[in-house]
Amino acid sequence: MMRRFFLISVPYLWLLALFLVPFVIVLKISLSDVALARPPYMPQFDWATGIGAFLSELDFENFTWLTEDDLYWKAYLSSLKIALISTFFTLLVGYPMAYGMARAPQEWRPTLMMLVILPFWTSFLIRVYAWMGILSNEGFLNQFLLWTGVISEPLTILNTNSAVYIGIVYTYLPFMILPIYSALERLDGSLIEAAEDLGCSRLTAFWLVTIPLSRPGIIAGSFLVFIPVLGEFVIPSLLGGSSTLMIGKVLWEEFFSNRDWPVASAVAVVLLLILVIPIVLFQRNQQKQQEAEQ
Amino acid sequence: MTRMSWFNAVSLTLGFAFLYIPMVILVIFSFNESKLVTVWAGFSTKWYGELLQNEAFLNAAWVTVKVAVMSSTIATVLGTMAAYVLVRGGRFMGRTLFSGMIYAPLVMPEVITGLSLLLLFIGIGLDRGVMTIVLAHTTFSMCYVSVVVSSRLVTFDKSLEEAALDLGCSPSEAFRLVTLPIIAPAVISGWLLAFTLSLDDLVIASFTSGPSATTLPIKIFSAVRLGVSPEINALSTLMIAIVTVGVITASLVTKRQMVRQKRDEQAAART
């Protein structure tokens, strides 16, 4: 009994202290007085005066501030837009790869799988950095295109949104490929044969049979890309330009450059509220899939 | 299907080229003589030499490894405990909250995790340094460990544990002699995952580190912000080499272990 209590309480307390409590603090600071809360913020919670006083002191000034300054609105909207578009492109690149892997000879598959996973173990920062040398004005891509004669002037790609899209597709590709691959690998080949026997062309069979049956993989992969990209910081700050507006970057700057902690906290709370929807949808999808397997 | 269609062959080739060409270019240009990263001026290993003399990088690398070893080890212990409790613990008070707290950090944006931990550390007056980064990394990586370990625990045959208990093992002996050896591969891969997550982390470390402790990603990030540099290419190449060797070794070892385990199980089934 003692042992069980110990097993439960140690990780439980750890997570309470270092996950839940910090989050409550963020919530608290986001609701604390802007004037008092200039850094270092004044912790407003005073156990002596109790919950009543605490509640009466709450104010939503930071949140109204978020709605008044259109920088924040634009940042949330543009993060959503960038996340949606890049998820779509990742799917466009990832699906054919997953499909090719699932159709590859059996003995190749573990190797292909490892080739997809290997970049995931390499530093994220380095993978983003690699593109800086490729996309810059004197970079390899421009050198190559100039050499082939496709363009006569170097293209400006680095420090634009296009560079951000390329960076996201590149770094998040494994997250898209793996769930789609596992859905496609389980797919019963005889279903496609049946569709073809019944008069479907290969393309129609793919559209009517393969795509619907791999849908759980597509959904899982899309959420695995969309959710983290929404709060992405490294890619927009290294590959994006000054016009690239993403909420992770705004939060970072609000905190480190403007040192406005209450607003940074409010930005975090709103970002989390936005994320709740895709996270719940993702969980539902996973649960449905698990039930279907059983 | 014995042969791949040309469409699949092309999409795989293009896809893997897209994944690997940037890293190949990075590695090649780490051996470039010129300071200009994009113009080839002959083979040289001088950037590696300069890297090894750069004290700031070496210090940061040492801090990073220290943090990664500590945090991944603590995270593996805590994460395995959490997984065991979630899979075998039955019902207890606050179980839903517990499993929520295990899964939430996996989808939590790093900027939020970092910000919240920093505010906690400031709130309780903890000086930021190696210790605070270890606490932060342990917290998010224990969740990854617990997911990896619990997926192994779910699939393994509970009757093996029960048999050990029936044959007179104490619960802790049953865990040590039966459960742990079976889940060991998952525990090891959990540790490796936690280790690389910690090595790799920039955002959470930036929030939770102080002036006394700079990790390698923080150092790289501030150097890279100013543009491409051959020294960073050299450093990246070293890191890519270590990871590649590590992953390939790990996969070979687990493959051998799986073969051995299968053989043992077959032998056990025969007797």
Side-chain angles (χ1 to χ4, degrees), chain A residues 3-4 7-8 10-12 14-15 18-23 25-26 29 40 43 93 96-97 99-101 103-104 114-115 118-119 121-127 129-134 136 138-140 143 170 173 227-228 230-231 233-234 238 248 251-252 255 264-265 268 271-272 275 279, chain B residues 1-2 4-5 8-9 11-12 15-16 18-19 22-23 25-26 29 37-38 78-79 81-82 84-85 89 92 94 98 101-102 104-105 107 109-112 115-117 119-120 122-123 135 139 142 171-172 196 199-200 202-203 217 220-221 224-225 227-228 232 236 239-240 243-244 247 251:
Chain A
R3 207 176 67 95
R4 191 180 124 108
L7 270 181
I8 295 175
V10 173
Y12 207 135
W14 183 288
L15 284 173
L18 286 151
F19 179 73
L20 202 61
V21 170
F23 193 68
I25 296 178
V26 170
I29 292 179
V93 178
M97 282 184 77
Y99 187 80
M101 280 169 68
R103 287 298 161 86
M114 195 161 89
L115 282 174
L118 194 61
W121 292 91
T122 339
S123 164
F124 188 82
L125 197 55
I126 289 174
R127 280 181 289 152
Y129 167 72
W131 282 96
M132 290 176 72
I134 295 173
S136 69
E138 320 78 55
F140 303 103
Q143 280 181 23
Y170 181 69
L173 197 56
I227 294 170
L230 209 53
F233 164 75
V234 177
L238 288 183
L251 194 157
W252 178 285
F255 194 86
S265 303
L271 172 58
L272 211 62
L275 274 173
I279 289 172
Chain B
M1 196 180 286
T2 47
M4 277 168 91
S5 70
N8 289 342
S11 63
L12 278 182
F16 283 112
F18 174 64
L19 274 179
M23 289 204 256
I25 292 178
L26 188 80
F29 276 79
V37 180
T38 48
L78 290 173
M81 284 167 86
Y84 193 78
V85 163
F92 57 87
F98 187 60
M101 286 194 301
I102 290 285
V107 287
E110 290 171 321
V111 277
I112 298 184
L115 176 74
S116 65
L117 282 164
L119 294 174
L120 171 81
I122 289 174
L135 288 175
T139 308
M142 71 177 271
S172 60
T196 39
L199 278 190
D200 203 16
L202 163 76
V203 176
I220 296 176
F221 183 69
V224 154
R225 266 196 152 168
V228 224
I232 299 287
S236 310
M239 288 168 78
I240 292 172
V243 167
T244 312
V247 169
S251 77

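Each chain gets a letter, A, B and so on, in the order the sequences are listed, and its residues count up from 1. Since the model is a prediction, treat every value here as computed from it, not as a measurement.
Each of I102(B), L26(B), I232(B) has some count of heavy-atom pairs under 4.5 Å with chain A, and the biggest count is that of I232(B). The most heavy-atom pairs under 4.5 Å with chain A, out of G79(B), P22(B), P217(B), come from P22(B). The candidate from S236(B), A82(B), G15(B), A104(B) with the greatest count of non-hydrogen atom pairs under 4.5 Å with chain A is S236(B). Heavy-atom pairs under 4.5 Å with chain B peak, among L115(A), V26(A), V10(A), at L115(A).
Separation of atoms CG (L115(B)) and CD1 (I29(A)) is listed at 7.5 Å; rounding is to 0.5 Å. Here the OG1 atom belonging to T196(B) is positioned 4.5 Å from the CH2 atom belonging to W121(A), to the nearest 0.5 angstrom. Considering CG of L18(A) and CE of M101(B), their distance stands at 10.5 Å, rounded to 0.5 Å. Atom CD1 of residue I240(B) and atom CD1 of residue I126(A) lie 5.5 Å apart, to the nearest 0.5 angstrom. Interatomic distance, CD of E110(B) versus CZ of F124(A), reported as 7.5 Å (0.5 Å rounding). Between atom OG of residue S123(A) and atom CG of residue L199(B) there is a gap of 8.5 Å, rounded to the nearest 0.5 Å.
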- Query: side chain to side chain contact (heavy atoms under 4.5 Å, CB included) between S265(A) and L119(B): does it pass, once the steps are laid out?
  - Reply: CA-CA 10 Å; S265(A) 303; L119(B) 294 174; 3.8 Å; yes
- In sequence, state the C-alpha distance, the side-chain angles, and the governing distance for L12(B) and M101(A), and then conclude on side chain to side chain contact (heavy atoms under 4.5 Å, CB included). CA-CA 7 Å; L12(B) 278 182; M101(A) 280 169 68; 3.8 Å; yes
- Query: Checking side chain to side chain contact (heavy atoms under 4.5 Å, CB included) for the pair I220(B)/Y129(A): CA distance, chi angles, key distance, verdict?
  - Reply: CA-CA 9 Å; I220(B) 296 176; Y129(A) 167 72; 5.9 Å; no
- Message: Pair L120(B), F19(A) - check side chain to side chain contact (heavy atoms under 4.5 Å, CB included), show working.
- Response: CA-CA 10 Å; L120(B) 171 81; F19(A) 179 73; over 6 Å; no
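The heavy-atom pair separating M97(A) from S11(B) by the smallest distance is CG-O, 3.9 Å.
Two residues are said to be in side-chain contact when any heavy atoms from C-beta on lie closer than 4.5 Å; P11(A) and M142(B) meet this criterion.
Classification of the F18(B)-Y170(A) ring pair by plane angle, with boundaries at 30° and 60°, yields perpendicular. Under the 30°/60° scheme for interplanar angles, the aromatic rings of Y12(A) and F92(B) are found to stand perpendicular.
The contact between L19(B) and chain A is made by backbone and side chain atoms together, counting heavy-atom distances below 4.5 Å. For L125(A), the parts lying near chain B are the backbone and the side chain together; criterion is any non-hydrogen pair under 4.5 Å. In this structure, chain B has a heavy atom under 4.5 Å from the side chain of F233(A), while its backbone stays farther away. Heavy atoms of L15(A) lying under 4.5 Å from chain B belong to its backbone as well as its side chain. Contact of P228(A) with chain B is not made at all, since no heavy-atom distance falls under 4.5 Å. Both the backbone and the side chain of L7(A) come within contact range of chain B, with heavy atoms under 4.5 Å apart.
Applying the side-chain contact (heavy atoms from CB on, under 4.5 Å) rule to P109(B) yields the partners L271(A), L272(A), L275(A), V111(B), I112(B); only residues at least two apart in sequence or on another chain are considered.
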